[in-house]
4 protein chains.
Amino acid sequence: MILDAAVRVFATKGYHTSRVGDIAEEAGIAHGLLYHYFGSKEEVLQTVFRENWSQLLEAFTRIETSDDPPLEQLGAIAKVLLRSWRDQPDLVRVMVREVARSPQLHGQVDEIRAVFVVIQRVIERGQADGSFRPEVDARLASWIFYGGLEELLTGWVLGQLPDGDQEVARAEQTVVDLLCGGLTRAGAVAPV
Amino acid sequence: MILDAAVRVFATKGYHTSRVGDIAEEAGIAHGLLYHYFGSKEEVLQTVFRENWSQLLEAFTRIETSDDPPLEQLGAIAKVLLRSWRDQPDLVRVMVREVARSPQLHGQVDEIRAVFVVIQRVIERGQADGSFRPEVDARLASWIFYGGLEELLTGWVLGQLPDGDQEVARAEQTVVDLLCGGLTRAGAVAPV
Amino acid sequence: MILDAAVRVFATKGYHTSRVGDIAEEAGIAHGLLYHYFGSKEEVLQTVFRENWSQLLEAFTRIETSDDPPLEQLGAIAKVLLRSWRDQPDLVRVMVREVARSPQLHGQVDEIRAVFVVIQRVIERGQADGSFRPEVDARLASWIFYGGLEELLTGWVLGQLPDGDQEVARAEQTVVDLLCGGLTRAGAVAPV
Amino acid sequence: MILDAAVRVFATKGYHTSRVGDIAEEAGIAHGLLYHYFGSKEEVLQTVFRENWSQLLEAFTRIETSDDPPLEQLGAIAKVLLRSWRDQPDLVRVMVREVARSPQLHGQVDEIRAVFVVIQRVIERGQADGSFRPEVDARLASWIFYGGLEELLTGWVLGQLPDGDQEVARAEQTVVDLLCGGLTRAGAVAPV
DNA sequence: GATGAATGAGATTTCATTCAT
DNA sequence: AATGAATGAAATCTCATTCAT
């Protein structure tokens, strides 16, 4: 499938360095055919983004609407995001490197924001039910939380952090432990 | 100066979309002259990176070698990174978007790592002196910490987070409060 | 019908700028089907040309072989050509713009010439029977005559000349008055 | 010079069939250089048109503002146009085949019209001074006149009419004799 | 007859880089 | 140091044509 091929190629060479012909070759088709399905190279990238980001959003939303307490919801969100590295590393590579901060992405800003808003709501709910400290700015916290997760993915993408099964599991634990419990002694938190 | 012009152009259009002629025009010189000072377009980007990243590293190192307690050192690191947005937004834009995850930067991996290592050592020192919880993986924590900071920068770069003076100050406070104190009630921490 | 669709499309966008898919879409068929009926895009154009040009030639020939005096025959020829604009403007557009001078039409030169030859013979007959001035080169005159008519069509095609019913009728009158008035010994000529 | 090369190439192969590389090769430059001077292939064609059409317009205007009687002015206009074939056949080929009736030419409509207006004014002046028949529509007549001339050029371009020096001179004479003979009161007209 | 996915030659255009001046 | 004309590799995209279904 063309999108899968595109993800593999973008992951390997980066969007700008990938040629349309590379994608076509990887997909086993003539490059012209790509233009039957996509109007341009950029549209391919945007489609990759849209399809997968909306999946992410759905997963997050499912978590948000579950009956779990907010603390566990944050843990579940972390798990979804970090597990995606094990499951679809190329996709993560592309989402992290090419899409998330590209200047070309102005059209998708709303979709990006939606993910942060979900996290923010979970935090706010935790503040409302008394399990989270109310004085923290929930919006900023949602960005910090997401950033921490994404940086772990980045570390794996760049080969700077070990990414065995154990390490990934440990990372999940660390993120929640850290962000929810804090570094300082006082704030220890039970494993999720 | 050529590098300043390059930063402005890269910040606006992204590295790949910027033409050498754009940089030259912004710098008020003929594009041929750029090749007297830099061997290639990529060398310009790398120079931007090197000069500024090493400045960042120096600042972090100064903080690390101060006599402040680890908790305050983390706060100082956050302040340096986040204040840079107010001082040199274009530069931050470039560092965040183009450099930090670009495949072009394989040569600079060591320099990038150095920054994380500083953070990691601060955390480890805090664990050693008893102010930080020892069970947290310091390496992962350093990435998460940096990621949280970078995502705030990203939010400002993308125009998704308000970036007035007050908000930037508030963000500094939130990062440290959150990462050090945790979200949950038990772990409150005094303002730095 | 495919040819009609082709004429409409060629008239609107010009031959070279028209895609086979445009013609097919206009005809309401899949583009592949077009190749059951025509060997190539160019063959479509040539067929348009051949079918209509031969009709024109027939009409001219009918006029030539009528019993009318040469002067009236020229008027009838002008009327046929100019009226075609009212009846089939798209077709005229194509014939005028694409066909008459296209390098693609080298095979059809003979057919094109035939039309001029008819006009030339009418003129020669008029010179023979004394109604036209004998010193005029009949061959050149036939081209000038045809050119005058075609330029009126061009004016209409380009939207530079008013093309209401009255104006078209007036144009017929003017052409004959002008061109034949110059041919006839005395100058002025009665309306045809 | 690039424009000259373009004219030669367009004249030989037609605009759409000519590749940018053909023009560059004919001009003895790399094709990229063409884009220093022209934004696109179409701009090359438009420049060819504009530069030469405005020259034509100047020539016509000079004739119009001379002291010669209208009849002689028409003769001079015919001479300029027809002589251009001898002087710059490739240019005429391009102007006649590619430019004058191209759908791409919507921007230049005003410039085209200006030429016709000059002719029209000459005719009107002839009607005013009594040398031309007043009942003829001067505007239509200008189009017919120009069309007759252009068709002669077309005949030469297509190789359908003999174009030796003598024949060109003869054609000039015939056009005026024919078209002006019809305009003048009495019919016959002295050679110009 | 009819479809439209698939092909791939080939066209335009871009732009980093060179180098004579 | 400084210019910008010149180069040409390379990239994207188009579209006539084919052909399995």
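Treat the numbers as computed from the prediction; the structure is a model and nothing was measured. Each chain gets a letter, A, B and so on, in the order the sequences are listed, and its residues count up from 1.
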How long is the line joining CD1 of Ile23(C) and C1' of dC15(F), in whole Å?
->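 Taking atom C1' of dC15(F) as the reference, CD1 of Ile23(C) is at 12 Å.
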
How many Å lie between CD on Glu43(A) and P on dT14(F), as a whole number?
->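 Glu43(A) atom CD is separated from dT14(F) atom P by 11 Å.
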
If you round to the nearest 0.5 Å, how far is OG1 of Thr17(B) from CG of Asp22(B)?
->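 Between Asp22(B) CG and Thr17(B) OG1, I get 9.5 Å after rounding to 0.5 Å.
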
For the residue pair Trp156(B) and Trp85(B), does the interplanar ring angle fall in the parallel (under 30°), tilted (30 to 60°) or perpendicular (over 60°) class?
->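 Ring orientation, 0 to 90° scale: parallel.
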
Would you mind classifying the nucleic acid contact of Tyr37(C) as base, sugar-phosphate or nothing, using non-hydrogen atoms under 4.0 angstrom?
->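 The residue Tyr37(C) makes sugar-phosphate contact but no base contact.
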
Can any side-chain N or O of Tyr37(A) pair as donor or acceptor with the backbone N or O of Val44(A) at less than 3.5 Å?
->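 Looks like no, no N/O pair under 3.5 Å.
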
If you measure from CD1 on Ile23(A) to NZ on Lys13(A), what distance do you get to the nearest 0.5 Å?
->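 Atom-to-atom, Ile23(A):CD1 and Lys13(A):NZ are 10.0 Å apart.
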
Stems involving DNA chain E, each a run of at least 3 consecutive Watson-Crick or G-U pairs under 3.5 Å =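 Stem list for DNA chain E: E:2-21 with F:2-21.
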
For Leu91(A), the option from Leu3(A), Asp4(A), Asn52(A) that meets side-chain contact (heavy atoms from CB on, under 4.5 Å) |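 Among Leu3(A), Asp4(A), Asn52(A), the one that satisfies the side-chain contact (heavy atoms from CB on, under 4.5 Å) with Leu91(A) is Asn52(A).
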
Using whole Å, report how far CG of Leu45(D) lies from P of dT12(E).
->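 Going from CG in Leu45(D) over to P in dT12(E) covers 13 Å.
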
With under 30° as parallel and over 60° as perpendicular, where do the rings of His16(C) and His16(D) fit, or are they tilted in between?
->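 Parallel: the ring planes of His16(C) and His16(D) meet at under 30°.
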
Where along nucleotides 13-21 of chain E does protein come under 4.0 Å, by heavy atom, of base (B) or sugar-phosphate alone (S), with - for untouched nucleotides?
-> BBSSBB---

Are the side chain of Tyr15(B) and the backbone N or O of Glu42(B) linked by a donor-acceptor pair below 3.5 Å?
->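 Present.
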
Spacing of Ile29(A) atom CD1 relative to dT7(E) atom P, expressed in whole Å |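 The distance from CD1 of Ile29(A) to P of dT7(E) comes to 7 Å, rounded to the nearest Å.
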
Length of the CD-P vector between Glu25(A) and dG8(E), whole Å |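 So the two atoms are 13 Å apart, to the nearest Å.
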
Can you check the Leu34(A) CG to dC13(F) P distance for me, whole Å?
->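 In whole Å, dC13(F) P and Leu34(A) CG are 9 Å from each other.
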
Find the distance between CD (Gln55(D)) and OG (Ser84(D)) and round it off to the nearest 0.5 Å.
->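 Reported to 0.5 Å precision, the distance equals 10.5 Å.
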
CG/Leu33(D) to CD1/Ile2(D) distance, rounded to the nearest 0.5 angstrom?
->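 Reported to 0.5 Å precision, the distance equals 5.5 Å.
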
Atom-to-atom span, CG of Asp22(D) to P of dG10(E) - whole angstrom =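 Taking CG of Asp22(D) and P of dG10(E), I get 13 Å after rounding.
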
